[in-house]
S.K.: 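Quick one: the structure is below, and I'll ask about it shortly.
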4 protein chains.
Amino acid sequence: MDSHTMAEKARKRRDPEERRAEILAAAFSLFSERGFAATRIEDIATRAGIAKGTVYLHFPDKEALFTSLAAGMASPILARMSAMTASDAMAPKTIIAGLYALAESEILGTDRRHMLRLLISEGQFFPVVAEFYHRNVLSVGLGMLRQVLQRAAERGELRNPALAAMPQLIFAPILMSVIWKSLFEPYEHLDTKALFETFLETLFLPSEGEDS
Amino acid sequence: MDSHTMAEKARKRRDPEERRAEILAAAFSLFSERGFAATRIEDIATRAGIAKGTVYLHFPDKEALFTSLAAGMASPILARMSAMTASDAMAPKTIIAGLYALAESEILGTDRRHMLRLLISEGQFFPVVAEFYHRNVLSVGLGMLRQVLQRAAERGELRNPALAAMPQLIFAPILMSVIWKSLFEPYEHLDTKALFETFLETLFLPSEGEDS
Amino acid sequence: MDSHTMAEKARKRRDPEERRAEILAAAFSLFSERGFAATRIEDIATRAGIAKGTVYLHFPDKEALFTSLAAGMASPILARMSAMTASDAMAPKTIIAGLYALAESEILGTDRRHMLRLLISEGQFFPVVAEFYHRNVLSVGLGMLRQVLQRAAERGELRNPALAAMPQLIFAPILMSVIWKSLFEPYEHLDTKALFETFLETLFLPSEGEDS
Amino acid sequence: MDSHTMAEKARKRRDPEERRAEILAAAFSLFSERGFAATRIEDIATRAGIAKGTVYLHFPDKEALFTSLAAGMASPILARMSAMTASDAMAPKTIIAGLYALAESEILGTDRRHMLRLLISEGQFFPVVAEFYHRNVLSVGLGMLRQVLQRAAERGELRNPALAAMPQLIFAPILMSVIWKSLFEPYEHLDTKALFETFLETLFLPSEGEDS
DNA sequence: TATGAATGAGTTTTCATTCAT
DNA sequence: TATGAATGAAAACTCATTCAT
């Protein structure tokens with residue numbers, strides 16, 4: 001069995017899980033580039049290096065491709081967030097700062113930001129996806145934030161303790177950045193690092209020993 | 001030409017501007033409901049009470065319909081914003097509060113919120129629109145906000161004076177609200193009034209004579 | 001307006017009813033030749049001298065084409081039968097003989113026999129069609145036959161009076177002939193005239209003054 | 001090679017003839033239910049408990065499946081008919097009565113009636129099948145009937161001796177019944193026993209010692 | 001201007017058949 | 001032999017756009 005044979009094998013008869021992942025990766029990049037409606041199944045197949053029909057061996061239809069993608073996107077981010085907020089030892093401000101750093105490196109700095117835009121765009125027409133995200137991502141994420149903000153409020157670290165009741169506000173600048181990057185970055189650069197930093201300093205009082 | 005004939009004409013040959021406006025209104029409601037791709041020209045025509053072909057007498061193609069719509073949306077909002085921030089007499093906090101009130105009553109509370117979502121969704125694929133908005137809406141709006149925030153900073157009213165350099169943050173909760181309403185409102189209500197209030201109190205120090 | 005212009009006109013913008021009829025005619029000939037499944041909408045369009053999409057302006061889908069065709073087929077035959085059996089003046093044997101003559105000239109001798117075969121073949125998968133035929137053709141036709149046979153029985157003209165209770169038997173040789181012509185005629189000719197004549201003489205006693 | 005291995009083998013490598021028969025049985029039931037075009041090879045394989053590709057080890061293509069099936073159906077029926085008409089000892093009326101009883105119990109009362117309908121439906125598009133049936137079933141069957149009817153005519157038992165020249169008429173009510181059962185039975189029951197009985201009494205004079 | 005019938009390119013989805021394992 | 005993943009030709013149906021009236 002020489003390497004040629006192996007390469008051949010690599011093209012045919014992949015492990016189903018791998019194949020599925022390849023298709024999802026192709027779909028991801030195309031949906032990101034062009035949006036859901038403008039992406040043809042055939043393009044996805046081509047980008048995945050397979051034939052059109054093969055896509056249908058793994059996904060019943062185009063919608064399933066989108067919903068699988070959306071669902072698959074969530075867990076890694078959630079896991080990170082969870083890991084981050086779990087430790088009571090960390091100061092709330094540090095946790096939120098970490099969240100923004102995560103958003104920058106894992107979403108805004110990667111193709112995943114396209115996916116987030118896609119969820120914003122198409123979510124409304126895929127109630128399954130919206131509900132999934134609300135239940136599995138937002139509820140969980142907001143719950144974690146609420147705890148962190150609550151702790152911060154109790155420790156007197158928040159400029160406005162009422163923030164603990166509105167954890168959605170924490171997400172607002174992330175969404176804003178995603179949208180800005182998608183639409184306006186070519187015309188005007190947005191310094192998200194500075195944006196998050198400014199926002200953080202608006203939410204939290206300066207730590208002791210910190211210069212304002 | 002008797003009155004009957006005139007009545008006929010009246011139904012047929014409308015004032016072109018009015019016709020155009022009717023078509024745009026129909027397009028607006030359908031794009032809002034279903035998105036750009038899922039809206040058929042024929043549906044727009046039907047809703048406008050005219051024939052399919054007539055749409056093409058007023059707009060060269062489907063894209064033009066969208067871009068015209070997008071451009072047309074901007075001016076009224078801009079005018080309001082402009083009127084509001086113009087007066088140096090008003091306190092910055094009052095101005096921003098007014099902006100949020102405007103967002104609530106004129107965007108979130110109306111079908112216009114769908115259009116904003118549509119701009120977020122489709123804008124990327126319509127660079128003309130994105131550029132138009134950046135030049136005519138964002139630049140102007142952010143410029144005005146920067147001035148207001150600058151003034152607030154000078155008057156010592158901001159919790160974090162650095163905010164003046166990041167006027168985009170002012171928009172963030174509005175975008176967040178639009179997205180939330182579109183996707184998650186059926187699953188969990190968002191109290192935007194409280195959201196904006198909380199955000200406002202986070203940005204600004206309490207006015208004198210105000211209870212914290 | 002010269003004849004060229006008229007010919008042009010003839011190709012475009014036909015009277016909708018005429019167009020519909022042309023499409024049905026094309027569908028009829030193709031379904032007859034190839035069966036329902038093997039006929040492509042595009043072929044129907046081509047044969048009707050129009051574009052694929054035009055078919056869909058007149059019929060919502062392929063099934064509707066078939067059901068319309070089936071429904072449309074029925075009425076002329078029914079009218080003929082009705083006219084024939086209506087007159088009490090005619091002798092029952094003459095009426096049935098006329099029915100077979102009609103079957104020969106109007107069904108077996110024309111393309112309509114293909115349609116009858118088609119109904120036999122596909123009817124099961126189009127319950128709408130089967131029900132339509134049962135209600136509007138069979139019930140009516142069998143009712144008429146029952147009356148005629150009843151009258152014949154009362155007049156002592158039937159070899160077996162019990163026939164009046166089984167009018168379906170009258171149709172049996174027609175169906176048999178249609179099937180034979182479709183499948184076996186190339187291998188062995190069936191003389192339907194003789195077949196019907198023989199059957200008729202089997203059902204009825206010889207008229208007076210007739211040689212057996 | 002222990003018994004376990006043998007059991008494995010037994011499940012995998014069946015006797016080819018048995019395998020073939022299983023596939024045909026599966027094809028039969030599916031063609032009957034859905035028709036030729038609407039039956040997928042994969043469904044046949046599944047119902048036969050094998051993989052799709054295996055079907056192709058036994059039959060070159062879908063058509064071959066149908067023609068094999070059609071050919072295979074013929075012989076048992078033919079054998080029965082043959083056995084029945086062979087005995088000169090039996091009265092012609094009894095023989096024909098037996099034929100109808102056979103048709104009722106072996107065709108109309110079983111799934112085979114679907115197959116007969118299928119032959120009627122699809123036969124035209126499978127000349128091989130039509131020719132096979134004409135040569136091996138019809139010619140033979142009609143020949144036998146012709147003899148029986150000839151004998152009946154000579155014995156003066158037929159109402160109309162000319163029937164001997166039109167043995168196809170004997171089949172007519174069977175075909176009629178198959179078609180009725182397929183299409184109209186849900187809307188109106190057909191009593192085939194009575195139908196055949198009535199037809200028989202129409203063909204034959206009452207036997208002596210029989211009440212009319 | 002207004003109409004809406006007509007067009008046909010474009011897209012999704014299916015399924016008979018092949019072939020590497 | 002047996003498998004079932006892979007293929008890609010084929011077909012139904014859609015809809016932006018055109019154009020004769």
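Letters A, B, ... are given to chains in the order of the sequence lines, protein chains preceding strands, and every chain is numbered from 1. Values in this document were obtained by computation on a predicted structure and should not be read as measured data.
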S.K.: Do the side chain of D:K52 and the base of F:dT3 come within less than 3.5 angstrom through a donor-acceptor pair of N or O atoms?
M.R.: no
S.K.: Remember a base hit wins even if backbone is also touched, and classify B:T46 as base, sugar-phosphate or nothing at under 4.0 Å, heavy atoms.
M.R.: nothing
S.K.: For E:dA2, what is the paired nucleotide under Watson-Crick or G-U wobble rules, both distances under 3.5 Å?
M.R.: F:dT21
S.K.: For D:R20 and F:dA2, give me the distance from atom CZ to atom P, rounded to whole Å.
M.R.: 14 Å
S.K.: With distance as the sole test, does D:K62 use its side chain to make a donor-acceptor pair with the main-chain N or O of D:T39 at under 3.5 Å?
M.R.: yes
S.K.: Expressed as a whole number of angstroms, how long is the span from B:Y56:OH to F:dT17:P?
M.R.: 4 Å
S.K.: In sequence, state the C-alpha distance, the side-chain angles, and the governing distance for D:L65 and D:V55, and then conclude on side chain to side chain contact (heavy atoms under 4.5 Å, CB included).
M.R.: CA-CA 9 Å; D:L65 218 38; D:V55 174; 4.2 Å; yes
S.K.: If each of A:V55 and C:D61 is mapped to the nucleotide of DNA chain F with the nearest heavy atom, which maps nearer the 5' terminus, i.e. the 5' end?
M.R.: A:V55
S.K.: In the structure I gave you, are the side-chain heavy atoms of A:F126 and A:E131 within less than 4.5 Å of one another anywhere?
M.R.: no
S.K.: Between C:E63 and A:L57, just flag the one whose closest nucleotide in DNA chain F comes earlier from the 5' side.
M.R.: A:L57
S.K.: Tell me the interatomic distance from C:E17, atom CD, to E:dA5, atom P, rounded to whole angstroms.
M.R.: 12 Å
S.K.: Does anything in residues 22-33 of chain B reach DNA chain E, meaning a heavy atom under 4.0 Å, and if so which residues?
M.R.: none
S.K.: Report yes if a side-chain nitrogen or oxygen of C:H58 is closer than 4.0 Å to either non-bridging phosphate oxygen (OP1 or OP2) of E:dA6; otherwise report no.
M.R.: yes
S.K.: Tell which nucleotide pairs with E:dT7, taking only Watson-Crick or G-U wobble pairs whose two distances are both under 3.5 angstrom.
M.R.: F:dA16
S.K.: Report the distance from atom CZ of C:F59 to atom CD1 of C:I41, rounding to the nearest 0.5 Å.
M.R.: 10.0 Å
S.K.: With the side chain counted from C-beta on, respond yes when D:F31 and D:I44 share a heavy-atom pair under 4.5 Å apart, and no when they do not.
M.R.: yes
S.K.: Is it the case that D:S182 and D:R117 place a side-chain donor and acceptor less than 3.5 Å from each other?
M.R.: yes
S.K.: Rounded to whole Å, please give me the gap between CG in A:D15 and C1' in F:dG4.
M.R.: 14 Å
S.K.: Do NZ/NE/NH1/NH2 and the carboxylate oxygens of C:E33 and C:R47 come within less than 4.0 Å?
M.R.: yes
S.K.: Report yes if at least one side-chain N or O of D:T54 is closer than 4.0 Å to OP1 or OP2 of F:dT3; otherwise report no.
M.R.: yes
S.K.: Could you tell me the separation between the CD1 atom of B:I41 and the P atom of F:dT17, rounded to a whole number of Å?
M.R.: 6 Å
S.K.: Report the residue (A:P60 or D:G53) whose heavy-atom-nearest nucleotide on DNA chain E is the more 5′ of the two.
M.R.: A:P60
S.K.: Whole-Å distance between E:dG10 P and C:E42 CD?
M.R.: 14 Å
S.K.: Looking only at the side chain of A:R40 (C-beta and beyond, no hydrogens), which of the listed nucleotides E:dA6, E:dT7, E:dT11 gets closest?
M.R.: E:dT11
S.K.: Step by step, would you call B:F36 with B:F125 a ring-ring contact (aromatic ring centres under 6.0 Å, His included)?
M.R.: CA-CA 11 Å; B:F36 180 76; B:F125 308 112; 9.8 Å; no
S.K.: Let me know the distance between CZ of C:F66 and C1' of F:dA12, rounded to the nearest Å.
M.R.: 18 Å
S.K.: Separation of D:F59 atom CZ from E:dT18 atom P, in whole Å?
M.R.: 16 Å
S.K.: It should be established whether C:K62 places a side-chain nitrogen or oxygen under 4.0 Å from OP1 or OP2 of nucleotide F:dA12.
M.R.: yes
